[in-house]
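This is a predicted model, so every value here is computed, not measured. All values below were derived from every heavy atom in this structure, side-chain atoms included, with hydrogens, water molecules and symmetry-related copies excluded.
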Amino acid sequence: MPESQSPLPPEPADASSAAPTPDVAGGGAGLKVGMKPRHLVMMSLGSAIGAGLFVGSGAGVQAAGPAVLISYVVAGLIVVFVMRALGELVAADPNPGAFSHYAGQAMGPAAAFAVGALWWVQLCLVVAAEATAAAQIAASYVPSIPQWVIALAIMVIFTAINLTTSGSFGEFEFWFSLIKVAFVALFLVLGAAYLFGWTPADPPTAVFSDGFMPMGLPGVAAGLLVVAFAFGGIEIVAVAAAETANPRRSVTQAIKTIVWRILFLYIGSVAIIVLVLDWKDERLSESPFVAVLDTAGLPFFASLLAAVIVIALLSSMNANIYGASRMAFSMSERKMLPAGLSHTTKRGVPMVAVLATSAFGFVAVGLNYFWAAEVLGVLLNIVGSTLIVTWVATLVSQIIIRRRAEAAGKELPLKMWFFPWLSYATLAGIAVIIILGLTVESVRIQIIGTLVFTAALYGIGYLVTRKRRA
């Protein structure tokens, strides 16, 4: 049956209590069930806490001033609604291809190829950005070691970690995600203590000295794509669900618990940053979290947090290698990418897909050798607009598949709120972001470039999958 006509698979009689099998259901015959529900929840919570928050948040403040909080609220609510829509799809049909798989069900195999390939390329860029950001921070503390050497060591180590079993990977991510979530919470407490005058340094006297919106509405629009990248990573829960025991119950639990926590951690952190640091502060481009703690007269915590930030970046990079490799594996299984990418080891690891995903990170090592100072900013700018395409594809797929499920009388384990109105409203919100982005030259180039690239991938997907339609 063509993918575009594939119905949602039937649920077992008791989906919540069905015993896990050695292999993964939902299209991943070579993968192994290895992760536990707690791994899924903590990985999805921690994977979004990386370069986007610890480094990209400073870039957002510089673009929009204190009004970047508007960017975070808008983007954050959109992410919450997109994740709820995605959760509806995953709970009903867990698959390592996630939104690519659902786009194929809803809009045909060419759309599945375009969405999957775009997300894979996006995560390859994110892996490079995370490795670059971690090497950049580490090099500032050990200047005797070149930044590119640190980046190379990072790529070698974390590629090796991703060649272990999914269970070992899940346990690693659980503890490292727990560390960085705990320290973000600690940052909120220490930042609030400084604002109330409970730290050695005097609290700030002039807040928003240039006004709340110094760059106007265009500044808010310019900050939105940086902010969009900051929230990137949370969608990995959809990919990882297929390698989790009781995936339908696990993903339902994860979706219900993580999105609001992410929103609180992000907006709370950025609020502390804009209340403590002037939006023109040069330290924003380096490490705004460390700068806040230094300003608060807490050098010990600043040094400690610098180490945690490196851990956070590496953990997020590790999760992104995992997610991208599973997407490549799924697309290979659906005959959209070379067959070798779906080869798995005896332990259920898609080794070739992992190596292919890590390849661009190693390319970034070379870029760090020649242009260490510029690489991170370029990577952050490229990635933001690609997430918007993933959001749109997810919402459109959810609307189409939900209508089919309702027509067939199928009861779904998890449902989107206020369907279909909230799905349409979220799409409208994304359209507003795109329109505002088109008014800013640098953002306009990103958006147009992403749309052209997506159209090209759709065309390639049409050619690659045409035999399946014959």
Side-chain angles (χ1 to χ4, degrees), residues 2-4 6 27 82 86 89 95-129 225 228-229 232-233 235-236 238-239 320-321 323-342 350 352-353 356-361 363 378-379 381-398 400 427 430-431 433-434 437-438 443-470:
E3 185 169 3
S4 60
S6 175
V82 170
L86 182 57
L89 295 169
N95 189 283
F99 17 83
S100 169
H101 172 70
Y102 308 129
Q105 286 188 325
M107 297 174 280
F113 179 90
V115 172
L118 183 68
W119 194 73
W120 181 77
V121 170
Q122 166 199 311
L123 255 65
C124 287
L125 293 171
V126 172
V127 166
L225 291 185
F229 170 70
E235 72 278 0
I236 286 178
V239 176
N320 288 327
I321 294 175
S325 66
R326 268 49 178 185
M327 178 62 73
F329 166 86
S330 172
M331 293 180 69
S332 175
E333 277 208 321
R334 289 176 281 155
K335 304 186 187 317
M336 296 179 180
L337 290 178
L341 291 168
S342 59
V352 179
T357 297
S358 299
F360 192 84
V363 172
V378 172
L379 291 172
N381 286 334
I382 291 174
V383 171
S385 55
T386 61
L387 279 170
I388 290 178
V389 176
T390 303
W391 292 350
V392 170
T394 296
L395 289 164
V396 172
S397 299
Q398 183 263 333
I400 294 172
L427 280 172
I430 296 172
I433 291 177
I434 295 173
L438 290 173
V443 178
R444 181 167 61 247
I445 294 172
Q446 291 180 51
I447 292 176
I448 293 174
T450 298
L451 293 178
V452 171
F453 185 46
T454 304
L457 289 175
Y458 186 90
I460 295 171
Y462 182 86
L463 296 175
V464 167
T465 62
R466 60 182 175 179
K467 291 183 179 179
R468 298 177 61 188
R469 298 188 301 271

Over all heavy atoms of both residues, which pair between [X] and [Y] is shortest? Give the atoms and the distance, please.
X: Phe329; Y: Ser342; value: CE1-O, 3.3 Å
X: Thr465; Y: Met336; value: CG2-CG, 4.1 Å
X: Ser397; Y: Met107; value: OG-CE, 3.5 Å

Rounded distance [0.5 Å steps], [atom1] in [X] versus [atom2] in [Y]:
X: Leu457; Y: Leu118; atom1: CG; atom2: CG; value: 6.0 Å
X: Ile321; Y: Leu123; atom1: CD1; atom2: CG; value: 9.5 Å
X: Thr394; Y: Leu86; atom1: OG1; atom2: CG; value: 5.0 Å

(request) Could you please spell out the steps behind the side-chain contact (heavy atoms from CB on, under 4.5 Å) verdict for Trp119 and Phe99? (result) CA-CA 9 Å; Trp119 194 73; Phe99 17 83; 3.3 Å; yes

Is there side-chain contact between [X] and [Y], with heavy atoms separated by less than 4.5 Å?
X: Met327; Y: Ser100; value: yes
X: Val392; Y: Leu427; value: yes
X: Thr390; Y: Gln122; value: yes
X: Val121; Y: Phe453; value: yes

Keeping the roles fixed (side chain from [X], backbone from [Y]), state whether a donor-acceptor pair exists under 3.5 Å.
X: Ser330; Y: Arg326; result: no
X: Ser325; Y: Thr357; result: no
X: Ser332; Y: Ala339; result: yes

(request) Name all residues meeting the side-chain contact (heavy atoms from CB on, under 4.5 Å) criterion together with Val352; count only those two or more places apart in sequence or in a different chain, and write none if there are none. (result) Leu341

(request) Could you tell me which residues satisfy side-chain contact (heavy atoms from CB on, under 4.5 Å) with Leu438, sequence neighbours excluded, listed by chain and number? (result) Ile434, Arg444, Ile447, Ile448

(request) Verify side-chain contact (heavy atoms from CB on, under 4.5 Å) between Phe113 and Leu337, making sure each step is shown before the conclusion. (result) CA-CA 9 Å; Phe113 179 90; Leu337 290 178; 4.2 Å; yes

(request) Would you sort out whether Tyr102 and Val115 count as a side-chain contact (heavy atoms from CB on, under 4.5 Å), showing the intermediate values? (result) CA-CA 10 Å; Tyr102 308 129; Val115 172; over 6 Å; no

(request) Give the C-alpha distance, both sets of side-chain angles, the deciding distance and a yes or no for side-chain contact (heavy atoms from CB on, under 4.5 Å) between Leu387 and Glu235. (result) CA-CA 10 Å; Leu387 279 170; Glu235 72 278 0; 4.0 Å; yes

